[in-house]
Amino acid sequence: MSDDGQPGPPAGGRVDFRAALRSCFRAALDGLAADGVVPLTADEMPALLDQVRQTADAKFGDYSGTMAMALAKRAGRKPRDLAADIAARLAAAPTYADFFLPPGDPVGPGFINVRVRDEALAAALSRAVSDPRLGVRGTERPETIVVDFSSPNVAKPMHVGHIRSTVIGDALARILRFRGHRVITDNHLGDWGTQFGMILWGWKHCRDDEAFAADPTAELGRLYRLVRKVADAKPEELAADPAAASLAARYPEAGREVLAETAKLHEGDPENRALWERFMPVCRAEIDRLYARLHVTFDHWLGESFFQPMLAATVDDLVARGLARESRGAIGVFLRGDDAPPLLIRKADGAFLYATTDLATIRWRLDTWKPSRILYVVDHRQSEHFEQVFDAARRWGLSGIADVDLVHVGFGTVLGEDGKPFKTRAGDTVGLEALLDEGVERARQVIELGAEGRAALAAEDRRHVAETVGIGAIKYADLSQNRTTDYVFSFDKMLQLTGNTAAYMQYAVARVEGIFAKGGIDRDALRVAATEVRIAEPAERALALDLLRFGEVLEDVEADYRPNLLTTWLYDLAGRYSSFYDTHPVLKAEGPERASRLALCDLTGRVLRTGLELLGIGTVERM
RNA sequence: GCGCCCGUAGCUCAGUCGGAUAGAGCAUGGGAUUUCUAAUCCCAGGGUCGGUGGUUCGAGUCCACCCGGGCGCACCA
């Protein structure tokens with residue numbers, strides 16, 4: 001439950017029915033407590049008001065409150081009696097009658113069911129149609145929120161394992177921003193770690209100058225993959241790669257030497273530093289191209305190298321404060337006593353670790369941006385790491401640490417079709433670019449096979465549609481899954497263009513556009529004139545009510561950082577629209593009915609488009 | 001060994017932090033197009049929610065134990 005349940009005037013005339021009803025319930029419960037029926041403290045109120053929700057089934061009304069049953073025992077009353085008491089107080093709450101029909105008798109063991117007045121629904125709908133924010137209120141307490149996501153290692157080509165952080169992080173950033181927060185996105189590039197040591201070692205021992213001249217990115221990628229195998233020296237990997245095996249035989253100390261190259265870079269060795277500066281633009285050009293194609297942008301690109309100058313001071317400070325100490329030649333923060341493994345912040349060879357960078361980064365962000373939240377959109381396998389880093393940061397006693405919420409927004413591992421995870425360090429996974437190409441190609445094939453209506457699309461339009469649909473399908477497949485569960489990567493599944501997919505909603509948007517194109521409707525004029533909306537048919541009412549829940553859904557997405565709540569709702573919304581569209585003529589309707597249906601179509605199109613936009617998914621006019 | 005996560009329809013998954021007869025999609029079977037894009041809509045079959053106990057008005061959801069699977073646990077990130 002968030003701030004939106006607080007009483008208060010609706011922002012900009014926008015109505016959030018659930019928030020309005022919660023504030024009525026709050027008044028009812030306050031009265032209950034004041035009259036001594038049941039004692040209630042202020043801090044348990046949010047959880048109780050959370051029990052005001054959309055009903056499971058429309059036959060029970062639009063919203064229901066279930067807290068009476070939970071409170072009955074404490075009140076020493078029968079659940080139904082207490083529910084009736086609450087319902088009576090609810091009906092008398094200020095503004096209740098403006099929005100809702102009288103609650104009536106409690107149902108079952110004590111459900112208080114509420115239905116929105118049709119006039120209130122029509123009025124809210126007509127305001128939403130004329131509102132650039134589509135009736136969405138947004139948060140009443142804007143915060144500064146840092147979203148740390150994507151963060152690939154620039155030394156190696158991006159692959160499918162990077163897609164979740166990128167897509168989920170981008171969607172969350174867009175949604176939080178739309179909610180009214182000040183959002184700062186930061187791509188914390190891995191541009192300073194061991195993987196650069198591998199490239200440096202590879203460059204010095206087995207580079208191919210011609211290949212580098214022809215395609216620098218590919219050559220650096222080759223070096224990374226090759227040296228990684230040589231350094232790890234796993235027999236089964238070497239057996240499968242003769243080139244790596246012969247190098248490993250020639251340089252048995254390769255693993256140590258790679259770490260030494262990394263340490264030299266960190267110490268400011270001129271040669272390694274110069275090579276790093278030469279490689280960086282090559283690496284950036286590669287990932288920039290992919291971000292452009294994904295339409296993902298960042299406010300900042302503060303990679304590990306940016307924080308490198310702060311690392312020594314970070315370690316010194318933690319040592320000086322008695323939080324960190326030497327152990328087996330390394331330096332670590334002992335968080336769980338002397339026996340449990342510490343959080344290492346400096347290796348025995350002097351090099352720093354990613355925990356060091358993470359701690360320095362927290363300090364810098366607190367000093368610079370003073371955020372109230374920092375979100376880390378990172379694979380859930382790193383949950384322990386973040387627990388430790390957050391714990392260490394709190395003990396560190398940084399300025400502002402008490403006021404910041406550090407959140408690891410974890411997500412399930414990307415698995416291959418064989419059910420095994422894509423290992424970050426594994427050699428040959430599906431490249432991200434190849435994945436996007438395949439998605440677009442499959443979408444293009446569907447378009448070519450399509451009905452005559454699509455034959456009218458110009459070649460340029462077809463390319464654009466294929467790109468939008470193909471990449472949208474890939475993003476949507478990822479976002480529509482509960483973020484905490486593992487995610488099986490499957491071309492066939494994500495590129496299927498029927499059912500619960502982005503294409504279904506993009507198609508609904510295109511059909512809305514079709515109506516306005518065919519009817520030659522002036523949508524701006526329609527929005528200004530949409531003052532007399534009438535909701536008559538059940539399909540219209542269901543659609544209208546659903547449209548007005550946009551703000552509720554975004555609030556819920558923020559509460560748990562779960563974009564799949566938005567995808568589910570959008571899919572339901574598109575389904576309601578399709579049902580409505582199938583049975584209710586719009587252009588052939590007349591008078592107020594036609595105007596009302598046009599208003600519904602206009603708002604549906606814009607809500608779907610905006611919702612997809614918040615997921616980072618594009619739409620097209622025709623498809 | 002310690003810690004975290006998961007087990008729901010044939011398949012892939014939702015399930016609003018305890019609420020009403022457990023929902024979608026795909027697949028299967030049937031139906032709808034003189035009408036705004038059929039990439040659509042409507043209908044049907046399909047379930048001991050891994051198992052056993054417990055907590056209570058109520059459990060897929062919370063607790064305990066068991067079965068089965070995944071991940072992490074000091075010098076990679």
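Excluded from the calculations below are hydrogen atoms, water molecules and symmetry mates; all remaining heavy atoms, backbone and side chain alike, are included. Here the structure is a predicted model, which means the values were calculated and not measured. All chains are named by letter (A, B, ...) in the order of the sequence lines, taking the proteins before the strands, and each is independently numbered beginning at 1.
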Taking 4.0 angstrom as the limit, do A:R22 and A:D16 come out as a salt bridge?
no

Please classify the nucleic acid contact of A:N113 as base, sugar-phosphate, or nothing, using heavy-atom distances under 4.0 Å.
base

Lys/Arg N to Asp/Glu carboxylate O, A:R463 vs A:E467, below 4.0 Å
no

What's the closest nucleotide to the side chain of A:L587 if the choices are B:C71, B:C36, B:A38?
B:C36

Going by side-chain hydrogen bond (donor to acceptor under 3.5 Å, both in side chains), name the pairs with one or both residues in residues 59-68 of chain A, residues two or more places apart or in two chains.
A:Q51-A:T66, A:D62-A:R541, A:Y63-A:E552

Rounding to a whole Å, what distance do you find between A:K59:NZ and B:U21:C1'?
7 Å

In this structure, how many angstroms lie between the C1' atom of B:A20 and the CE atom of A:M69, rounded?
8 Å

Checking all strands, does A:L259 fall into the base, sugar-phosphate, or nothing category for heavy-atom contacts under 4.0 angstrom?
sugar-phosphate

Side chain of A:I515 only, heavy atoms from C-beta on: which candidate in B:C73, B:C36, B:A39 is closest?
B:C36

Taking only the C1' atom of each, what is the distance from B:G7 to B:G68 in whole angstrom?
8 Å

Any base atoms under 4.0 Å from A:Q506, or only sugar-phosphate, or nothing? Heavy atoms, all strands.
nothing

Please list, chain by chain and in numerical order, all residues satisfying side-chain contact (heavy atoms from CB on, under 4.5 Å) with A:E387, sequence neighbours excluded.
none

What integer distance in Å separates A:Q51:CD from B:G18:P?
8 Å

Between the protein and nucleotides 7-16 of chain B, which nitrogen or oxygen pairs are less than 3.5 angstrom apart?
from, atom 1, to, atom 2, distance (Å)
B:U12, O2', A:K493, NZ, 2.7
B:C13, OP1, A:Q481, NE2, 3.4
B:C13, O3', A:Q481, NE2, 3.4
B:A14, OP1, A:N482, N, 3.2
B:A14, OP1, A:T485, OG1, 2.8
B:G15, OP1, A:R562, NH2, 2.1
B:G15, OP2, A:N482, ND2, 3.1

Would you classify A:K78 as touching base, sugar-phosphate or nothing, given that sugar-phosphate means primed atoms plus P, OP1 and OP2, and contacts are heavy atoms under 4.0 Å?
nothing

State whether the distance check finds a donor on one side and an acceptor on the other, under 3.5 Å, for side chain A:K518 versus base B:U35.
no

Which stems does RNA chain B form, counting runs of 3 or more consecutive Watson-Crick or G-U wobble pairs with both distances under 3.5 Å?
B:1-5 with B:69-73, B:10-13 with B:23-26, B:28-32 with B:40-44, B:50-54 with B:62-66

Rounded to whole Å, the CG-P distance (A:D379 to B:A77) equals 16 Å

If the C1' atom of B:G60 is compared with that of B:U48, how far apart are they to the nearest Å?
13 Å

How many whole angstroms separate atom CZ of A:F516 from atom C1' of B:C36?
11 Å

Nearest whole Å is fine: how far is B:A77 C1' from A:H162 NE2?
10 Å

When you compare B:C43 with B:G23, how far apart are their P atoms, in angstrom units rounded to a whole number?
14 Å

Quick note, salt bridge (charged side-chain N to carboxylate O under 4.0 Å, His left out) partners involving residues 570-583 of chain A, not counting sequence neighbours, are A:D546-A:R576

Keeping to residues at least two apart or across chains, list the salt bridge (charged side-chain N to carboxylate O under 4.0 Å, His left out) pairs with something in residues 499-513 of chain A.
A:E513-A:R523, A:E513-A:R609

So, using side chain to side chain donor-acceptor pair (under 3.5 Å) as the criterion, who are the partners of A:Y571 when residues are at least two apart?
none

Can you name the residues that form a side-chain contact (heavy atoms from CB on, under 4.5 Å) with A:E558, not counting sequence neighbours?
A:L176, A:R179, A:H181, A:R373

Carboxylate-amine/guanidinium proximity below 4.0 Å for A:K78 and A:D85:
no

Classify A:P79 by what it touches in the nucleic acid, base, sugar-phosphate, or nothing, heavy-atom distance under 4.0 Å.
nothing

Could you measure between the two P atoms, the one in B:C11 and the one in B:A77, and give it in whole Å?
41 Å

Regarding the side chain of A:Y581, the nearest nucleotide among B:C36, B:G19, B:A39 is B:C36

What does the B/S/- profile of nucleotides 25-33 of chain B look like, 5' to 3', with a 4.0 Å heavy-atom cutoff to protein?
SS-------

How would you list, by chain and number, every residue that makes a side chain to side chain donor-acceptor pair (under 3.5 Å) with A:R336, sequence neighbours excluded?
none

Verify the neighbour count for atom CZ of A:R256: are there more than 12 heavy atoms of other residues, nucleotides or ligands below 6.0 Å?
no

Looking only at side-chain atoms of A:R381, point me to the closest of B:G19, B:C36, B:C71.
B:C71

Could you give the distance separating B:A9 and B:G15 at their C1' atoms, to the nearest angstrom?
14 Å

Rounding to the closest angstrom, what is the interatomic distance between B:U21 and B:C13 at atom C1'?
22 Å

Atom-to-atom span, CD of A:E384 to P of B:G3 - whole angstrom:
11 Å

Would you tell me if any nitrogen or oxygen in the side chain of A:R336 comes within less than 4.0 Å of OP1 or OP2 on B:C2?
no

Out of B:A39, B:U37, B:C42, which nucleotide sits closest to the side chain of A:A503?
B:A39

Looking across every strand, which nucleic acid part, if any, lies under 4.0 Å from A:H408 by heavy atom: base, sugar-phosphate, or nothing?
nothing

Reckon A:L353 touches a base, only the sugar-phosphate, or nothing at all at heavy-atom distances under 4.0 Å?
sugar-phosphate

A:R483 charged N/C atom sitting above A:Y561 aromatic ring, 6.0 Å / 45°
no

Could you please name the option among B:A77, B:A74, B:C57 that lies closest to any side-chain atom of A:F334?
B:A74

Give the nucleotide from the list B:G72, B:A39, B:A77 with an atom nearest to the side chain of A:Q382.
B:A77

Please answer whether B:A39 and A:Y504 are stacked, defined here as ring centres separated by less than 5.5 Å and planes angled under 30°.
no

Taking atom P in both B:C49 and B:A20, compute the distance separating them and give it to the nearest angstrom.
16 Å

Looking at residues at least two apart in the chain, or sitting in another chain, which of them share a side-chain contact (heavy atoms from CB on, under 4.5 Å) with A:R444?
A:E441, A:E448, A:A466

Which part of the nucleic acid, if any, lies within reach of A:E552 when heavy atoms closer than 4.0 Å are counted: base, sugar-phosphate only, or nothing?
nothing

Using a 4.0 Å heavy-atom cut-off across all strands, classify A:A70 as base, sugar-phosphate, or nothing.
base

With sequence neighbours excluded, what pairs up with A:F550 under the ring pair (Phe, Tyr, Trp, His ring centres under 6.0 Å) test?
A:W569

Can A:R164 and A:D379 be counted as an ion pair, charged N to O under 4.0 angstrom?
no

Among the nucleotides B:U37, B:G19, B:A74, whichever has the atom closest to the side chain of A:Y507 is B:U37

Of B:A74, B:C57, B:U37, the nucleotide closest to the side chain of A:L344 is B:A74

Base, sugar-phosphate, or nothing for A:S579, non-hydrogen atoms under 4.0 angstrom?
sugar-phosphate

